[in-house]
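Here the structure comes first, spelled out in structure tokens, and everything after it is commentary.
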Amino acid sequence: MNRMVVLGTGSALPAKVLSNADLEKMVDTSDEWITTRTGIKNRRIAVQGEETSKLATLAAGRALEMAKLSPDEIDMIIVGTITPDMGMPSCACLVQKELGATRAFALDINAACSGFVFCLDVADKYIKADPDMKILVVGAETLSSRVNWEDRNTCVLFGDGAGACLVTGTTEHRGMLASKLFSDGSLYKLLYMDNVPSMNKNLASQDNDGSYIKMAGRDVFKYAVRSMDMAIMNVLDQVQVSVDDIALFIPHQANIRILKSLGERLGIASEKVYINLDKYGNTSAASIPIALDEANREGRINAGDLVLLCAFGGGFTWGATLFRW
Ligand SMILES: CC(C)(COP(=O)(O)OP(=O)(O)OC[C@H]1O[C@@H](n2cnc3c(N)ncnc32)[C@H](O)[C@@H]1OP(=O)(O)O)[C@@H](O)C(=O)NCCC(=O)NCCS
């Protein structure tokens, strides 16, 4: 049986750091409130020249380097994003151009913070059809351009960045073992952004066109915990393994309290949960591939390990993916 394996991972983050202390000067908030309610300390903010496609291209280049592949060997590029540079072309087409991946076809997927697991699921279907394909899967966002910096309820939560992985097929007993995706559009008003984004706008030059992220935080919190629990149980059941068999959980990095509640419900040991949200905040579709790349480069993932990814985001969308590394 052919399975999808990861040949390389990469990530890219803007240089500019926005700390809780910086936010204290912008809105009525405190480091103490943000830290205890979210676990976030810093986030990265893109400036001109660090548009979503640029961050995505940097992350993709690093994944290619690790995979020892050149851009012209890529067959397909899928980018999960809700902050493409433009309404058209897709972010994936701009990445294709920037990389010079002349043989690849390219498309975006909008599944908000679940974008990366949705992209992986689609890539897996192509790999099953043609195991020789080399597919670049990216999650990239510049949500700072869509945050209302006068709204303390949302502006403390989000950050910018990109992560990528290069996948192909194998007949070895490893790779992607299970995946399950869900959506519930009836709840979209609990977390939404009403306009199609345009070119990235940094803090200094942001316009006030009203297309900000709007969120009912408490409701989102509740659904996020329940939904990720459901998705994780589904993929574990598919391959008949238990929570204890998982070596590393790499969840969407939205909020430390969501992850603690999820861990308690499922009985996941906290040391098995990869956390970097303190450094980057919620980077939406980029959060899982950034964390995956950091965990990979830190040697937190060994050959044969079961690695579980899970996400929840606007739509609502949610899902989980299980790999044997
Ligand atoms: C957003 C979130 C941190 C708010 O925490 P909460 O405990 O639910 O807090 P509430 O929204 O009930 O607000 C409590 C109080 O804190 C205030 N508050 C909100 N943001 C604040 C901030 N940054 N600093 C200080 N006070 C703040 C509220 O105005 C409210 O004040 P009030 O009681 O005087 O009205 C929490 O709901 C959450 O994490 N939700 C999920 C968000 C998320 O992860 N979304 C993305 C999913 S992909």
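Ligands are counted one by one from 1 in listed order, and the atoms in each one are counted from 1 as well.
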> Are the ring centres of Phe316 and Tyr223 closer than 6.0 Å?
Replying inline: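 When the ring centroids of Phe316 and Tyr223 are compared, they turn out to be within the sub-6.0 Å range.
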
Specify side chain, backbone, both or neither for [X], according to which of its non-hydrogen atoms lie closer than 4.0 Å to ligand 1.
X      : value
Asn282 : side chain
Asn153 : both
Val27  : neither
Thr29  : both

> With a 3.5 Å cut-off and no angle check, do the side chains of Asp160 and Ser144 form a donor-acceptor pair?
Replying inline: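 Side-chain D/A pair, Asp160 to Ser144: present.
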
> Taking atom types as modelled, is there a side-chain donor on Asn42 or Ser19 under 3.5 Å from an acceptor on the other?
Replying inline: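 Checked: Asn42/Ser19 side chains show no N/O donor-acceptor pair below 3.5 Å.
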
Would a distance-only check, ignoring hydrogens and angles, find a side-chain to backbone donor-acceptor pair under 3.5 Å from [X] to [Y]?
X      : Y      : value
Arg146 : Ile213 : no
Arg43  : Gly281 : no
Ser145 : Thr142 : yes

Return a yes/no value: protein heavy atom under 4.0 Å from [atom]?
atom                    : answer
atom 42 (C) of ligand 1 : yes
atom 23 (N) of ligand 1 : yes
atom 33 (O) of ligand 1 : no
atom 16 (O) of ligand 1 : yes

> Could you walk me through whether Ile78 and Ile135 pass the side-chain contact (heavy atoms from CB on, under 4.5 Å) check?
Replying inline: CA-CA 8 Å; Ile78 320 175; Ile135 305 180; 4.1 Å; yes

Taking [atom] as the reference point, the nearest protein heavy atom with its distance:
atom                    : result
atom 20 (N) of ligand 1 : Trp33 CH2, 3.3 Å
atom 36 (C) of ligand 1 : Arg257 NH2, 3.9 Å
atom 47 (C) of ligand 1 : Val220 CG1, 3.6 Å
atom 12 (O) of ligand 1 : Arg218 NE, 2.7 Å
atom 6 (P) of ligand 1  : Arg37 NH1, 3.5 Å

> Should the pair Asp124-Arg3 be classified as a salt bridge under the 4.0 Å nitrogen-to-oxygen rule?
Replying inline: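 Looking at Asp124 and Arg3, the cut-off is not met.
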
Taking only heavy atoms of [X], which atoms of ligand 1 are found under 4.0 Å from at least one of them?
X      : result
Val156 : 23 (N)
Phe312 : 48 (S)
Met215 : 42 (C), 43 (C), 45 (N)
Ala254 : 44 (O)

[X] to ligand 1: N or O pair under 3.5 Å?
X      : value
Thr38  : no
Arg152 : yes
Asn255 : yes
Ile34  : no

> In this structure, which one of Asp244, Val239, Asp237 forms a side-chain contact (heavy atoms from CB on, under 4.5 Å) with Val241?
Replying inline: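 Of the listed options, the one satisfying the test is Val239.
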
>> By the salt bridge (charged side-chain N to carboxylate O under 4.0 Å, His left out) test, which pairs, at least two apart or in different chains, include something from residues 252-279?
In response: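 Found Asp229-Arg265, Lys279-Glu294.
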
> So if you build clusters from Ile, Leu, Val, Met, Phe, Trp, Tyr with side-chain heavy-atom gaps below 4.5 Å, do Leu262 and Leu308 land together?
Replying inline: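 Result: yes, single cluster for both.
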
Let me have the donor-acceptor pairs involving side chains of residues 173-181, under 3.5 Å, with sequence neighbours excluded, atom names and distances please.
{"from": "Arg174", "atom 1": "NE", "to": "Glu172", "atom 2": "OE1", "distance (Å)": "2.5"}
{"from": "Arg174", "atom 1": "NH2", "to": "Glu172", "atom 2": "OE1", "distance (Å)": "3.4"}
{"from": "Ser179", "atom 1": "OG", "to": "Asp121", "atom 2": "OD1", "distance (Å)": "2.5"}

